[in-house]
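Worksheet: the structure to be examined is printed underneath.
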Amino acid sequence: GGGMPFRRKVCPFILDKTLLLNFKNIRVVQRFITETGRIVPRRVSGVSAKNQRRLTKHIKRARNLGLVAPLVRE
């Protein structure tokens with residue numbers, strides 16, 4: 001049908017080279033976590049597969065060290 005044309009999302013880490021992925025960089029890590037502490041999926045965030053794997057690893061590392069709030073289960 002007709003509607004808004006699909007616009008491909010570009011990985012923010014490829015788009016902005018100054019955006020460094022590190023578990024100590026809480027501002028970047030929290031950008032990819034929901035309010036409940038879940039990791040935002042690729043189809044929503046637009047992160048590439050390789051960077052999504054790296055991002056997941058750094059988020060889990062930050063959770064273990066207590067830098068980011070743990071997953072909230074209700």
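Throughout, numbering of the chain's residues begins at 1 and tracks the sequence.
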Strictly distance-based, threshold 3.5 Å: is any side-chain N or O of R42 a donor or acceptor partner for the main-chain N or O of V47?
yes
Which is it for V28 and L19 under the side chain to side chain contact (heavy atoms under 4.5 Å, CB included) test, yes or no, and what are the steps along the way?
CA-CA 8 Å; V28 174; L19 193 68; 3.6 Å; yes
Can you tell me which residue pairs pass the ring-ring contact (aromatic ring centres under 6.0 Å, His included) test with a partner in residues 44-67, sequence neighbours excluded?
none
Return the set of residues passing side-chain hydrogen bond (donor to acceptor under 3.5 Å, both in side chains) with T56 (not counting sequence neighbours), or none when no residue passes.
none
Just jot down the side-chain hydrogen bond (donor to acceptor under 3.5 Å, both in side chains) partners of S45, sequence neighbours excluded, or say none.
none
Residues 6-14, side-chain donor-acceptor partners within the protein, below 3.5 Å, at least two apart:
{"residue": "K9", "atom": "NZ", "partner": "R43", "partner atom": "O", "Å": "3.2"}
{"residue": "K9", "atom": "NZ", "partner": "V44", "partner atom": "O", "Å": "2.6"}

Flag yes if L55 and V40 sit in one hydrophobic cluster, no otherwise; membership is Ile, Leu, Val, Met, Phe, Trp, Tyr, and two members link when side-chain heavy atoms are under 4.5 Å apart.
no
Side chain to side chain contact (heavy atoms under 4.5 Å, CB included) partners of L67, counting only residues at least two apart:
F23, I26, A62, L65
Show every side-chain hydrogen bond (donor to acceptor under 3.5 Å, both in side chains) that has at least one partner inside residues 18-40, sequence neighbours left out.
D16-T18, T34-T36
Testing the 3.5 Å rule here: is there a donor-acceptor pair between the side chains of R54 and N51?
yes
Would you sort out whether V29 and R61 count as a side chain to side chain contact (heavy atoms under 4.5 Å, CB included), showing the intermediate values?
CA-CA 10 Å; V29 171; R61 203 172 277 174; over 6 Å; no
